[in-house]
Chemist: 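One structure, pasted below without further comment.
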Amino acid sequence: MKKDKQPVNRKYTKRALLFIEIQNYYFYKGKMELEGSYEAGYKAKRVLEIFRKKRKPVVHTTPTFL
């Protein structure tokens, strides 16, 4: 008979920000212009600033399909 697994209480958690680059394609006159791209870009900037200020890991990547 299996015992119910208890949730693990971790004292420390590791967090990182995976930042998929925002390309010019998504902004005004870009190839794939999106509605709300400036607002999304601003929010991404704020999150990036917070992670850098807290010295948390940040991983930048660029999609290769563009």
Side-chain angles (χ1 to χ4, degrees):
M1 188 180 267
K2 292 183 179 181
K3 289 186 178 182
D4 290 334
K5 291 186 178 182
Q6 297 294 321
V8 177
N9 291 327
R10 296 184 182 193
K11 188 173 182 179
Y12 302 101
T13 59
K14 293 186 178 187
R15 295 175 189 228
L17 175 64
L18 175 59
F19 199 79
I20 301 173
E21 296 292 341
I22 297 173
Q23 302 293 320
N24 289 331
Y25 295 106
Y26 306 131
F27 295 90
Y28 180 68
K29 292 190 177 181
K31 291 180 183 178
M32 296 184 286
E33 187 177 334
L34 298 174
E35 187 176 319
S37 58
Y38 288 96
E39 293 82 3
Y42 176 75
K43 288 178 183 181
K45 177 185 173 196
R46 292 289 300 133
V47 171
L48 182 60
E49 288 172 348
I50 291 167
F51 267 73
R52 285 181 174 166
K53 184 177 179 180
K54 292 182 177 185
R55 303 181 65 82
K56 298 286 184 184
V58 177
V59 179
H60 294 267
T61 185
T62 303
T64 57
F65 60 86
L66 299 176

Chemist: Sequence neighbours left out, what passes ring pair (Phe, Tyr, Trp, His ring centres under 6.0 Å) with Phe51? Give chain and number order.
Modeler: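 By the ring pair (Phe, Tyr, Trp, His ring centres under 6.0 Å) rule, Phe51 matches no residue at all.
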
Chemist: Which residues pass the side chain to side chain donor-acceptor pair (under 3.5 Å) test with Arg46, sequence neighbours left out?
Modeler: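 Result, side chain to side chain donor-acceptor pair (under 3.5 Å) vs Arg46: Glu49.
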
Chemist: Side-chain heavy atoms under 4.5 angstrom apart, residues restricted to Ile, Leu, Val, Met, Phe, Trp, Tyr: same cluster for Leu17 and Ile50?
Modeler: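 Shared cluster, no.
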
Chemist: Does anything in residues 29-44 form a side chain to side chain donor-acceptor pair (under 3.5 Å)? List the pairs, not counting sequence neighbours.
Modeler: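 Matches after skipping sequence neighbours: none remain.
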
Chemist: Indicate the atoms forming the closest heavy-atom contact of His60 with Arg52, along with that distance.
Modeler: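 Shortest heavy-atom contact: NE2-NH2, 3.7 Å.
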
Chemist: Using the test side-chain contact (heavy atoms from CB on, under 4.5 Å), find all partners of Ala44 that sit at least two apart in sequence or belong to another chain.
Modeler: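 In terms of side-chain contact (heavy atoms from CB on, under 4.5 Å), with neighbours along the sequence ignored, Ala44 is linked to Phe19, Ile22.
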
